[in-house]
Amino acid sequence: VSGSAPAETRNDSKKLRVEDSMDSPPSRVIHIRKLPNEVSETEVIALGLPFGKVTNILMLKGKNQAFLELGTEEAAVTMVNYYTAVTPQVRNVPVFIQYSNHKELKTDSALNQRAQAVLQAVSAVQEGGSPSSAAGESVLTPAPSPVLRIIIDNMFYPVTLDVLQQIFSKFGTVMKIITFTKNNQFQALLQFSDPVNAQQAKLSLDGQNIYNSCCTLRIDFSKLVNLNVKYNNDKSRDYTRPELPAGDGQPPVDPSVAATLNKDSTSLLGAISPLSAAAAAAAAAGRVALSGHSGPGGVLLVSNLNEEVRTPQQNTHTQTYPCSFCVYGDVQRVKILYNKKDSALIQMSDGNQAQLAMSHLNGQKMYGKIIRVTLSKHQTVQLPREGLDDQGLTKDFTSSPLHRFKKPGSKNFQNIFPPSATLHLSNIPENVTEEDLRLLFSNSGGTVKAFKFFQDRKMALLQMSTVEEAIQTLIDLHNYDMGRGHRLRVSFSKSTI
């Protein structure tokens with residue numbers, strides 16, 4: 001290439017997108033186009049880092065293009081296949097990638113000096129050496145620890161331990177994770193097998209959004225060099241010791257960790273190129289659809305509802321069915337269709353909550369009928385005009401005090417799971433016994449197969465015989481008045497008894 005633009009850059013009118021890239025034969029050289037102005041070499045390198053060693057780079061800043069050479073063709077194929085599923089972004093701007101016609105980059109070092117210096121710095125860190133600097137500027141500093149401290153800002157949607165593991169394992173072997181809430185912020189400590197992997201993850205992920213426009217990762221190195229995990233459960237995990245017990249409830253954080261949390265620095269580097277690995281991993285974990293797939297509005301069309309159902313607690317359709325949807329977001333309004341009483345419009349707080357509810361509830365069996373959930377073309381559910389009697393078909397829950405997800409960073413965001421036969425019960429009064437709860441749930445129309453109190457007896461797990469029974473009892477008994485101001489909170493659990 002010798003510093004001049006390869007042939008494919010001279011025909012930019014083709015506007016090849018990433019999905020067209022398979023038309024060219026695979027090459028370990030990737031052609032990246034439509035980069036934002038003033039993009040840095042480090043940001044472009046970050047696109048390829050998760051897939052393997054980056055061995056060369058050629059920036060064509062005047063054309064907003066770059067060529068990235070990976071160490072192997074296999075790594076390049078993995079990168080292109082990955083970005084076929086999710087649009088690659090740099091500084092929140094979609095970019096286009098394809099295989100280059102060239103099998104390797106032969107760059108003129110005099111014309112590409114800055115890019116080569118950055119590449120050498122990244123390579124040194126990848127190989128565990130000391131990074132070099134360009135023009136007296138330190139590009140990267142040696143990783144001080146294999147443990148990262150992760151803070152989630154704008155956490156409007158759940159970030160689970162499994163989501164973090166999927167995101168960060170792209171950069172190396174994740175050995176241990178501890179999650180906790182401090183100052184009403186969800187945080188995590190995550191340990192790699194090697195400080196180099198921690199460095200790469202921090203470089204690529206710091207400043208990214210896990211979900212569309214929210215759940216921003218702020219990443220710094222922890223003062224700890226090793227985590228001591230006591231339990232393998234939803235809050236902590238040691239992947240090197242699968243034999244650890246699950247424990248009950250929130251596991252205690254190791255004292256050495258607790259002492260260090262207050263000492264860990266919270267000063268973070270500025271945002272690096274937004275890499276879509278985080279969003280894709282979250283989607284792969286079944287949490288939220290990729291950006292652009294959730295639709296602009298938060299209104300769902302739910303059909304094939306059982307018209308005959310009226311539960312003891314909620315005596316109308318507009319109050320019965322929203323209970324199953326409120327597990328996945330805050331239901332704002334519900335409208336039963338006038339000419340089709342087995343269908344309803346359900347408005348969630350936004351498109352992501354609607355997508356979450358649809359992905360978990362479409363095809364589930366409720367009261368003997370398999371319901372269908374799709375995104376509606378409506379942006380909102382209209383309330384009836386003042387003075388018009390719509391026979392109770394529309395219900396407004398906007399100001400309901402029972403919304404689970406009003407508070408950003410609430411622990412409820414960490415406990416969103418698909419429908420399961422096992423239910424998580426909380427806010428249980430002191431005087432309520434296991435027999436009381438078994439009887440309550442049996443009377444709701446099902447068979448209680450197993451029950452287990454947590455240590456404080458304010459929470460419990462209760463297993464019904466089928467998922468359908470669990471959905472039915474959740475609808476019937478979530479927010480059930482247990483007396484003395486205690487209203488039972490019911491959600492699906494990931495655990496089994």
Side-chain angles (χ1 to χ4, degrees), residues 1-109 111-116 118-119 122 170 203-205 207-209 212 271-280 290-293:
V1 175
S2 300
S4 61
E8 59 260 44
T9 67
R10 294 195 288 271
N11 191 7
D12 197 38
S13 62
K14 289 180 182 177
K15 300 199 181 300
L16 292 174
R17 292 179 176 267
V18 66
E19 54 265 28
D20 302 322
S21 62
M22 300 308 290
D23 295 340
S24 304
S27 164
R28 64 190 184 99
V29 180
I30 303 295
H31 181 203
I32 306 167
R33 302 188 303 108
K34 302 297 183 187
L35 288 164
N37 292 329
E38 306 304 322
V39 68
S40 71
E41 290 84 355
T42 305
E43 290 172 295
V44 176
I45 291 169
L47 281 173
L49 269 183
F51 306 97
K53 185 175 181 180
V54 177
T55 52
N56 208 345
I57 181 173
L58 173 63
M59 298 290 291
L60 301 172
K61 292 192 175 180
K63 294 181 177 291
N64 298 93
Q65 300 181 22
F67 290 85
L68 204 62
E69 180 186 271
L70 278 75
T72 64
E73 188 176 292
E74 180 186 11
V77 170
T78 303
M79 178 177 172
V80 170
N81 287 346
Y82 176 80
Y83 287 130
T84 302
V86 55
T87 304
Q89 294 190 358
V90 175
R91 298 189 185 184
N92 290 321
V93 175
V95 298
F96 303 120
I97 72 169
Q98 65 191 85
Y99 295 121
S100 169
N101 295 331
H102 296 265
K103 295 298 180 185
E104 62 178 318
L105 280 180
K106 297 176 182 175
T107 52
D108 185 330
S109 58
L111 296 175
N112 204 29
Q113 190 172 7
R114 165 72 188 183
Q116 291 300 309
V118 175
L119 185 64
V122 174
K170 184 64 104 171
L203 173 68
S204 294
L205 295 177
Q208 277 195 61
N209 293 330
N212 190 20
I272 304 295
S273 156
L275 178 70
S276 298
L290 295 172
S291 171
H293 288 214

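Nothing fancy with the numbering, it's 1 onward along the sequence. Bear in mind the structure is a predicted one, so any value in this text is a computation, not a measurement.
- Scanning both residues, Val90 and Glu43, for their nearest heavy atoms gives CG1-CB, 4.4 Å.
- The shortest non-hydrogen separation linking Leu105 to Asn56 is O-ND2, 3.2 Å.
- Proximity of a side-chain donor or acceptor of Lys34 to a complementary backbone N or O of Gln65 within less than 3.5 Å is not detected.
- Nearest heavy-atom pair across Leu47 and Tyr83 is O-OH, 3.1 Å.
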Next on the checklist: Using side chain to side chain contact (heavy atoms under 4.5 Å, CB included), reason through Thr55 and Arg28 one step at a time and then give a plain yes or no.
Outcome noted: CA-CA 10 Å; Thr55 52; Arg28 64 190 184 99; 3.5 Å; yes

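- Distance check, rounded to the nearest 0.5 Å: CG of Leu68 to CD1 of Ile32 gives 5.0 Å.
- Of all heavy-atom pairs between Ala66 and Val44, the closest is CB-CG1, 4.0 Å.
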Would you mind writing out the side-chain donor-acceptor pairs for residues 70-80 within the sub-3.5 Å range, not counting sequence neighbours?
from	atom 1	to	atom 2	distance (Å)
Thr72	OG1	Ala75	N	3.1
Thr78	OG1	Glu74	O	2.9

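- Considering all non-hydrogen atoms of both residues, Arg33 and Val95 come closest at O-CB, 3.4 Å.
- One distance of note links CG of Asn64 with CG of Asn37; it measures 5.0 Å at 0.5 Å rounding.
- Here the side chains of His102 and Glu69 are not in contact, with every heavy-atom distance at 4.5 Å or above.
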Next on the checklist: Phe67 vs Ile30, test: side chain to side chain contact (heavy atoms under 4.5 Å, CB included). Steps then yes/no.
Outcome noted: CA-CA 6 Å; Phe67 290 85; Ile30 303 295; over 6 Å; no

Item to check | Check against side chain to side chain contact (heavy atoms under 4.5 Å, CB included), Met59 and Val39 | outcome: CA-CA 9 Å; Met59 298 290 291; Val39 68; 3.8 Å; yes

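- In this structure Ser27 satisfies the side chain to side chain donor-acceptor pair (under 3.5 Å) test with no other residue, sequence neighbours excluded.
- Of all non-hydrogen atoms in Val54 and Gly48, the two that sit nearest each other are CG2-C, 4.1 Å.
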